[in-house]
Amino acid sequence: MGGQGWALFAAVSVLWGVPYLFIGVALQEGTGPLSTAAARVLLALVVMVPLAFRRRHRALLAGRWGRLALLALVEVVVPFSLIPLGGQTVPSGTSGVLIATEPMFVLVVGLVLGARARPTPAALIGLVVGFAGVVVLLGVDGAGPGAGLIIVAAACYAVGALLVGRWFGDLPAMPVVAAMLVLAAPALTVLALTAEPFPALTAESFPALTAESFPALTAESFPALTAGPFPAPSPAGLVALAALGLVATPGGFVAFFRLIAIAGPDRAALITYVAPVVAVVAGAVVLSEPVGPRTVGGTVLILAGAWLATRVPHAARTGDPVARPARGLRRRR
């Protein structure tokens with residue numbers, strides 16, 4: 001790669017690594033997880049649609065909107081919701097590393113669907129090593145149950161990558177991405193408006209509801225019912241949402257596809273192993289997230305496993321239509 005290629009590589013590494021930081025800041029500053037997902041997609045549309053959804057591109061998508069709707073569900077609605085939901089208990093850097101398990105799920109799902117050649121011994125070792133890294137990371141203090149949600153999001157991305165290769169391998173990537181966002185935006189908006197009008201109810205939401213305090217029950221006894229919607233995000237939260245939706249998400253797409261054009265898909269796919277490191281560093285620097293031996297060890301194991309799992313010679317050398325678009329649309333989440 002020349003100077004422009006390396007500059008794009010660095011830009012994409014940052015744009016793919018920092019979304020987890022922005023999600024973490026938005027959550028900390030009062031934005032609900034589903035509202036974060038909806039805002040991300042709605043803001044990204046402002047940038048993506050004019051760039052990628054021209055008339056000739058819309059014509060290419062004719063007759064494929066049913067499949068695009070399913071793809072939008074698997075690639076955007078579900079994972080974009082699960083990542084901030086999981087991020088309520090998982091450090092942002094850990095989220096970025098857990099998403100890096102996607103290539104391993106691509107291999108597993110591809111084998112189940114018969115879309116991949118028989119894995120090499122190295123690929124099988126990669127699965128074991130990578131999932132060992134997940135086990136190590138799940139021991140990180142504060143990971144909580146949300147880690148499972150983020151792993152499910154990674155699996156959704158893997159299924160989506162295979163669907164892209166099977167159904168849309170003959171199309172340019174940008175209009176497919178724009179169409180997914182267009183279809184996902186209403187669903188995420190409805191989810192956010194219906195699921196997050198009030199904070200979640202817990203036992204602590206009813207502090208006066210005891211046998212001794214029934215005479216004292218008032219409207220103030222039910223703070224979760226009188227507080228209204230999630231508190232308005234602070235200026236820092238709004239800046240994080242704007243950076244996530246207007247810069248990181250569309251910028252990651254555009255820069256990545258430009259990098260593919262300059263350096264080729266194989267070199268561009270190396271971003272998968274750099275972006276999680278950016279996520280960990282960003283979380284540590286900005287949010288003071290701890291980076292201990294478990295975090296470092298789990299990250300190394302997951303990245304090593306992902307690298308081994310993606311070394312499938314048949315798919316890489318023959319231009320497998322399933323494998324190549326999967327790389328082209330691999331996440332900038």
Side-chain angles (χ1 to χ4, degrees), residues 1 4-5 7-19 37 39-77 79-80 99 102 106 156-188 243-272 275 319-333:
M1 287 189 294
Q4 184 181 8
L8 281 169
F9 188 92
V12 177
S13 298
V14 172
L15 289 168
W16 282 18
V18 296
R40 178 183 187 181
V41 171
L42 289 170
L43 291 172
L45 281 176
V46 174
V47 179
M48 288 293 296
V49 169
L51 289 176
F53 218 37
R54 300 182 180 93
R55 180 178 300 177
R56 63 185 179 87
H57 288 158
R58 291 198 300 272
L60 292 174
L61 300 174
R64 307 195 193 201
W65 288 98
R67 289 181 171 182
L68 280 168
L70 179 58
L71 184 64
L73 178 67
V74 175
E75 272 283 282
V76 181
V77 175
F80 274 33
I99 288 295
E102 178 203 352
V106 168
C156 287
Y157 284 142
V159 173
L162 291 169
L163 292 180
V164 166
R166 181 164 291 187
W167 291 344
F168 304 102
D170 59 326
L171 296 181
M174 291 288 280
V176 175
V177 171
M180 286 193 301
L181 295 177
V182 167
L183 293 171
L188 286 170
L244 176 65
L246 295 174
V247 180
T249 300
F253 280 120
V254 173
F256 181 66
F257 296 136
R258 180 59 181 161
L259 179 62
I260 290 176
I262 292 176
D266 292 331
R267 288 183 177 178
L270 295 175
I271 293 295
T272 303
D320 182 350
V322 172
R324 293 182 65 185
R327 287 184 175 185
L329 285 174
R330 190 164 288 155
R331 235 69 41 224
R332 38 288 148 193
R333 313 136 192 131

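This structure is a prediction, so every number in the text was calculated from the model and none was measured.
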Chemist: So which heavy atom on Ala185 is nearest to which on Leu45, and how close?
Modeler: CB-CD1, 3.6 Å
Chemist: List the steps and the verdict of side-chain contact (heavy atoms from CB on, under 4.5 Å) for Val176 and Leu71.
Modeler: CA-CA 9 Å; Val176 175; Leu71 184 64; 4.0 Å; yes
Chemist: Side chain to side chain contact (heavy atoms under 4.5 Å, CB included) with Met48: which of Leu181, Leu43, Val41?
Modeler: Leu181
Chemist: Identify every side-chain donor-acceptor pair in residues 252-262 under 3.5 Å, counting partners at least two apart or on other chains, and give the distances.
Modeler:
none

Chemist: Identify, with sequence neighbours excluded, every residue that meets side chain to side chain contact (heavy atoms under 4.5 Å, CB included) alongside Ala243.
Modeler: Phe22
Chemist: Might you point out which heavy atoms bring Ala184 and Ala72 nearest each other, and give the distance in Å?
Modeler: N-CB, 4.3 Å
Chemist: For a quick test of reading the model, state the closest non-hydrogen atom pair linking Val74 to Cys156 and the distance between them.
Modeler: CG1-O, 3.2 Å
Chemist: So, for Thr249 and Ala44, which heavy atoms are closest and what is the spacing to 0.1 Å?
Modeler: CG2-CB, 3.9 Å
Chemist: When rounded to the nearest 0.5 angstrom, what distance separates CG in Leu8 from CG in Leu15?
Modeler: 10.0 Å
Chemist: Less than 4.5 Å apart, side chain to side chain, heavy atoms only: is that true for Glu75 and Phe80?
Modeler: no
Chemist: Just so I know, are the side chains of Trp167 and Leu68 near enough to count as touching, which here means a heavy-atom distance under 4.5 Å?
Modeler: no
Chemist: Of the non-hydrogen atoms in Leu61 and Pro175, which two are nearest, and what is the gap between them?
Modeler: CD1-O, 3.8 Å
Chemist: Of all heavy-atom pairs between Pro50 and Val46, which one has the smallest distance, and what is that distance?
Modeler: CD-O, 3.3 Å
Chemist: What residue pairs, at least two apart or across chains, pass salt bridge (charged side-chain N to carboxylate O under 4.0 Å, His left out) with a residue in residues 169-187?
Modeler: Arg64-Asp170
Chemist: Which distance, rounded to the nearest 0.5 Å, do you find between the CD of Glu102 and the OH of Tyr157?
Modeler: 8.5 Å
